[in-house]
Amino acid sequence: MFQPVTDSNFVTGEHSVLKLWLQQQTFQQLRRKNAGRKRWSFLDGPITANNPMGVHHAWGRTYKDTYQRFFAMTGHDQRFQNGFDCQGLWVEVEVEKQLGLGTKTAVLEFGIDNFVNECKRRVLRFAARQTEQSQRLGYWMDWDNPDQLRQLAEQLGTDEEVTITTPTGKTETARAHQLAERLGNSEWGGSYFTFSTENNETIWTFLKKCFERGKIYKGHDVMPWSGRGGSAYSQMEIAEGRKLTTHKSVFVRFPIIHDEASGRASALRGKDRDEHGGLTPNRSPETQGQEYLLVWTTTPWTLTSNVACAVNPDLDYIKIQTKRDNAIYYFAKDNLNFQRLASEFRDGFGRPEWKWPEGVGKLKTLAQIFKEQGGFEELGTIKGAQMVGWGYEGPFDDLQAQQQAGGVPVDENNLSRCGVNSHRVIDGGRDSRGSANVVAGEGTGIVHIAPGCGDIDHKMGVALGLPIIAPLKDDGTYSEEFGDFAGLEAIAPATAELVFEKLKAKGMLVAVETYPHIYPHCWRTGDELVFRLVDEWFINMDWRDEIKDVTRQIKWLPDSIDGQEREIEWLSNMSDWMISKKRFWGLALPIWVNEEDPSDFEVMGSLAELKERSIEGWGDFEGNTPHRPWIDGVIIESQTPGKEGQRMRRVPDVGNPWLDAGIVPFSTMGYNTNREEWQKWYPADLVTECFPGQFRNWFYSMLSLSTMMRYDEADNAEDKKPFRTLLGHRLVQNEQGKPMHKSDGTAIWFEEAAEQIGVDTMRWMYLAQNPAMDLRFGTRHHDKPVTLQTPDGPIEKTLEGVTTCMVTSGPADETRRQILIPLWNCYKFFIDYAIADGFVPSDALRERVAQSSHLAPRDELSGKSCDKQPGDHTNRASSMAHHAERDGYTAVADRPEIDRWILSNLQSLIEVAHREMTQYNAPAFCAAAAGFIDDLSNWYIRRNRRRFWRSKDATDTDKNAAYETLYEVLVTLCRLLAPCIPFLTERMYQNLVLGQECSVDSVQFSENRGEVALTEHRTLNTEHSPPPSVHLCDYPTADISLLDAGLNLSMSAAQKVVRLAHKLREESNLRVRQPLAELRFASSNVGTAEAIERLADVIGEELNIHRVVRQDNLDALVSYAYKPNLKTLGPKYGKLLNALRTKLPELGDAVLSPLRRGENVTAELEGSSVDLTPEDVLVSTAQAAEWVCSDDSGIQVAISTVLTPELIREGMSRDFVRQVQQLRKDANLNIQDRIRVQYHSADNTVQAMVAEWGDYIRGETLADEIQFSPSAGVGVKSVTVGDSPVQIWIVNRV
RNA sequence: GGGCGUGUAGCUCAGAUGGUUAGAGCGCAGCUCUGAUAAAGCUGAGGUCCGUGGUUCGAGUCCACGUACGCCCA
């Protein structure tokens, strides 16, 4: 019944399995099988549908698939819903590149509607691409047809109607965007898309709840800004727009304000200055010793908005006095003679095109500047820490902006502060890497801080509660609070000149210079960017403790990462959540603001509410998705008392994309549309994701959103959690442990790995890897292009046009060599001999090994509950151990011990599988399975080969038992490993159970991958026929009647004996093919000794030793060595231990032999009497004559080293056989082919041996005749038999 | 700067509660076995267990300090 097995051909085998699944609709059958049964809820973290997958995506996706498959095989109903992350800046950036757009203006000219449609198109195309890649991985999900996704992408933005067939089989016709916005809904099935209207609207529900609790507010952030573009920039964009430019930089001095009472510089706090008139600046030029802070900046326009000055408290600051006006300056000591930009002057700024600009002189040191101005005198040094708290007079305190309470724009919460009353020296602090924000070197070591004009400045300002003065309007010009500067453009050179003029007039200008540096520019227009304070929307996170409580309800894996602690730490330290972004493609923030009063705003909780409230624009919007620009025109009326009837307009911002992903525990399970269904699946049992970063992204957003969504619905944190268990894993790296980058060609694309390494191999690598550690995947050789054989034919480039390159991977090779190839070879061994022998498993046996419950038509299942608890995996109705032969196979109890041993091990493996897989610990299961495969291949099959070779004899029950045992092991192993390596196990199953080859040729399948008819190819409801796929089998359950821990112990004792004896043979230079007469063993443990005795045949055969004899002891053959057991003696004798250690072995057997009989001994040592119990002393064997001995864990082994002429001749016969077998192999003979053999040797002991052992040799080699040839064979190589040279050749096949 | 973690063979990593000669896999050298095996077995070379100090009869293990690296946070 079996098909012959050839090479493993892992990769092409996977392709044929994919076709088989498609043809047989295996996944659909699986879903039907489990429909209505106990649920297991997986929630997929959406993958960004913006690029094709790399191997780093495949790790998490392998977890997702494997656990889903495991829970499917254990009979759980599941959603199988994949998710695509669709909205956000990352898509916009790619689309802008693709379209050559760079500024807000450019996008506006292109049209927001066109731009947004382009974003949707990109997402749909890459969703299709990732769908196909995932399918190649064997990832079973309720996938949309990729061709239809592409069709939707093509038709987006047109008036054409499109017809699609949904994964649930519904036919729908509408315009493309109207279909796209509904993708993933529960009626249609398929992947969820975060751009769907349901997803966006559910976020509105969330934001409404936040609003109801008063958590939404408008705040500020400082962003890189282009005045002409009227747009903010992201860090990514800034990186692309850096350019070398020159600015007028300026040294300025700020008069330090002295406390007149004490005569020392003093801190000014808050309003103190206004209330205590005693604090006044003293800047009369006549007064000796006016003190100044020396400050330097390359952006003079920001001086208008100075609030504070930062120093490094650990730095030394020098105090100098100038000759010209006796002014005293403070600045960093190291800066006095610091050669500013010396290396840049010489070598440029790091790129060839960034040379020092012509016409710009070398920069002067501070010492030089002061010398040119008349010279100076050093007065001493002081630590920065001593300066912190000093007050000073700001450079533009006369401006309204500086005097206005609460800063610009006015912060109602900070009205006690203004610029003027806040000027003081602060500690500059440190950045995220721990280096100080203020350092010596460039500048003066005293940094001017303008929280309205800079990123770090803003952070410091917010942290210290400083007033924020933001000078610029969105066109990049000063606002009216800035006096003469109002209306001037910040970056215009004339503005800097006006700053200098005014500073000069105040006596604050020290020096101006032309300063070259790298500065961010708009990468499109080339304009300089400025940092500008912008309005942003925030969620006040003062309810963080509620989220922490929810976090504590969740199990975080792997343990070693302590994810819960990490998440709690993040929740403790995070600031309010900025949810707005001044962009185009994303969630339309449902915040409507009163046109006449910006403080009057309201959040819409649903489209229905919006429609109800709208007074204008709904008609134009209707029929479009709730995205910009379509939603922007909808106007509502304020209902705020006193402002009724005033028009409210949506803020133009889009939402933070983590809102999109955070809402999915609600949106994708129908929270707003089918609450009953939602309750069935919430919370998810598992989410799994690559964790670096996600503690503050996806995990954070899900926890926050769920906590808020449930605040009015559930009382305790337990009921708010969005998922029960989180399984994180680290990163995929290259083979050297370095990150892989797309840019330098080291990132491995998914298809490169899949078609060169094979996905079963990859899956095993991912699953066996400790998730807490980076996976060193392999190396991409970007200089070695390869042609890949894909399911769709050969390719030399990916769809994106990247040349496909060679990928090598040591870990993958190891996995293949240690796991997949041995498994395949076990399978091939079985098939080869089963075919040769005509072994056919009985129906009863096939049924037993390929069980599947519930493979019945759907209507029979509905409403029925699962009759077996999935956790109860040992509960079997009937035992197999003692069934008689009438059942169609040999009763297990009647099989040899080694058969019962492997079956017992198999049951243990099944138990491990259930235990570890339900704990999401695939590595533990993989390790156990690898051990089992090794036992199967290198012990069970190796030791039992002869049972399979025996001649054909139907009454040979021992042989049948061997076949039945191996068959059961192989099929059960397929089922056990099916969730992990679904392809290889399917191929084996198809042949072992169904007798079908799973090859490309044998499978016919539909031309159109997406449109296979939903017909079933097999009758599924026949109770007794094995399922048509391994994935439709039930997961194996352990038969505890076959479980026998004793067998494991005795087998491992036997293996120990074998290992010891192999070692002895090696040491005595006695090769295994040379038979030996006798092995003796002894063990003080009777059970162990008996176990070894039972397995004496197995041991003798493995070791090629005639007799394996049990003895009570080996005293006659060995001597004993004694060592103290420090663990027991240490506590008893303390310092005496050292003496004990050297002297005790010297006492020898004469004194200590009673210990071996379990008796106590009292010995004299160093003058003290020592009582020794048997536990206190470790005994080992040492030597013998004509015997060699060794011992391990209480088992002693001795083998006889005497070689008689008889034994030598027997060894020669084994050599002879071995050589003939090699000839058979070289000649590619079939294992059943019969031959005739001739040999020639000058040594007549060879002829004597052949005469004695001829029957044995002929039997082993299937030779009808072995003939001595008096003459040497022509061209025949001489081999060694025993010590004699012999020529052997096969004359012919018979 | 704070927090957490890591540092053991050429590489990747194990080494509860302190205990004798510190292990495994890969790689390397040699031998062996092979009628499934591209596999396997045995032997060998290869270690200042990051450093210093301490506790202890005894420290890779516990403590302190230092050092290098990684991650998280501000």
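Naming convention: chains lettered A, B, ... in sequence-line order (proteins, then strands); numbering from 1 in each chain. These numbers were taken from a predicted model, which means no experiment stands behind them.
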Respond yes when some side-chain nitrogen or oxygen of [X] is under 4.0 Å from OP1 or OP2 of [N], and no when none is.
X	N	result
A:Arg1214	B:C33	no
A:Tyr833	B:A36	yes
A:Arg1073	B:U34	yes
A:Arg566	B:C4	no

Need the pair for [N]. Rule: Watson-Crick or G-U wobble, both distances under 3.5 Å, any strand; none if unpaired.
N	result
B:G35	none
B:G27	none
B:U6	B:A68
B:U17	none
B:C49	none

Using the [atom1] atom as the point on both nucleotides, what is the distance between [M] and [N], in whole Å?
N	M	atom1	answer
B:C13	B:C50	P	15 Å
B:A68	B:U52	C1'	15 Å
B:U20	B:C62	P	16 Å
B:A24	B:G41	P	12 Å
B:A59	B:G66	P	24 Å
B:C63	B:G7	P	14 Å
B:C49	B:G60	P	8 Å
B:G46	B:C11	P	16 Å

What is the nucleic acid contact for [X], judged by heavy atoms within less than 4.0 Å: base, sugar-phosphate only, or nothing?
X	value
A:Pro811	nothing
A:Ile831	nothing
A:Leu1129	nothing
A:Gly563	nothing

Length of the [atom1]-[atom2] vector between [X] and [N], whole Å:
X	N	atom1	atom2	value
A:Phe695	B:C4	CZ	C1'	12 Å
A:Leu936	B:A36	CG	P	14 Å
A:Phe2	B:A36	CZ	P	18 Å
A:Asp1215	B:U34	CG	P	9 Å
A:Phe1216	B:G35	CZ	C1'	16 Å
A:Tyr963	B:A36	OH	P	11 Å
A:Gln1219	B:U34	CD	C1'	12 Å
A:Arg696	B:C71	CZ	P	12 Å

Exercise. Is the shortest heavy-atom distance from the side chain of A:Leu767 to the side chain of A:Ile981 under 4.5 Å?
Worked result: no
Exercise. Below 4.5 Å, heavy atoms only, C-beta onward: do A:Asp314 and A:Lys383 meet side chain to side chain?
Worked result: no
Looking at [options], which one has an atom nearest to any side-chain atom of [X]?
X	options	answer
A:Leu1126	B:G35, B:U20, B:C72	B:U20
A:Arg945	B:U20, B:C42, B:U37	B:U37
A:Arg1218	B:U34, B:G25, B:C73	B:U34
A:Lys828	B:A36, B:C72, B:G41	B:A36

For the rings on [X] and [Y], is their centre-to-centre separation under 6.0 Å?
X	Y	value
A:Tyr833	A:Phe839	no
A:Tyr963	A:Tyr967	no
A:Phe948	A:Phe829	yes

Side chain of [X], backbone of [Y]: donor and acceptor closer than 3.5 Å?
X	Y	result
A:Arg816	A:Phe10	no
A:Arg1224	A:Arg1234	no
A:Asn944	A:Tyr940	yes
A:Trp556	A:Thr551	yes
A:Asn734	A:Thr779	no
A:Glu1210	A:Gln1074	no

Give each protein N/O atom lying under 3.5 Å from an N/O atom of nucleotides 14-16 of chain B, with the pair distance.
none

Exercise. Quick one: on RNA chain B, does A:Val1072 or A:Phe829 contact a more 5' nucleotide (nearest heavy atom)?
Worked result: A:Val1072
Problem set entry | Residue whose nearest RNA chain B nucleotide is more 5′ - A:Arg730 or A:Ser575 | A:Arg730
For this session: Encode nucleotides 5-12 of chain B as B, S and - characters from 5' to 3', where the letter depends on protein heavy atoms closer than 4.0 Å: B to the base, S only to sugar-phosphate, - to neither.
Result: -------S
Could you tabulate the donor-acceptor pairs under 3.5 Å formed by side-chain atoms of residues 925-938 of chain A, not counting sequence neighbours?
{"unit_1": "A:Asp934", "atom_1": "OD1", "unit_2": "A:Asn938", "atom_2": "ND2", "d": "2.8"}

Problem set entry | side-chain hydrogen bond (donor to acceptor under 3.5 Å, both in side chains) against A:Ser1052, all qualifying residues, sequence neighbours excluded | none
Exercise. With sequence neighbours excluded, what pairs up with A:Tyr700 under the ring pair (Phe, Tyr, Trp, His ring centres under 6.0 Å) test?
Worked result: A:Trp570, A:Trp577
Could you go through nucleotides 38-40 of chain B and list every protein N or O atom that sits under 3.5 Å from one of its N or O atoms, giving the distance for each pair?
{"unit_1": "B:A40", "atom_1": "O4'", "unit_2": "A:Asn938", "atom_2": "OD1", "d": "3.3"}

Exercise. Applying the side chain to side chain contact (heavy atoms under 4.5 Å, CB included) test to A:Val1072, which of A:Glu1066, A:Arg1065, A:Glu1102 qualifies?
Worked result: A:Arg1065
Exercise. Is B:A16 in the syn or the anti form, by the rule that syn lies within 90° of 0?
Worked result: syn
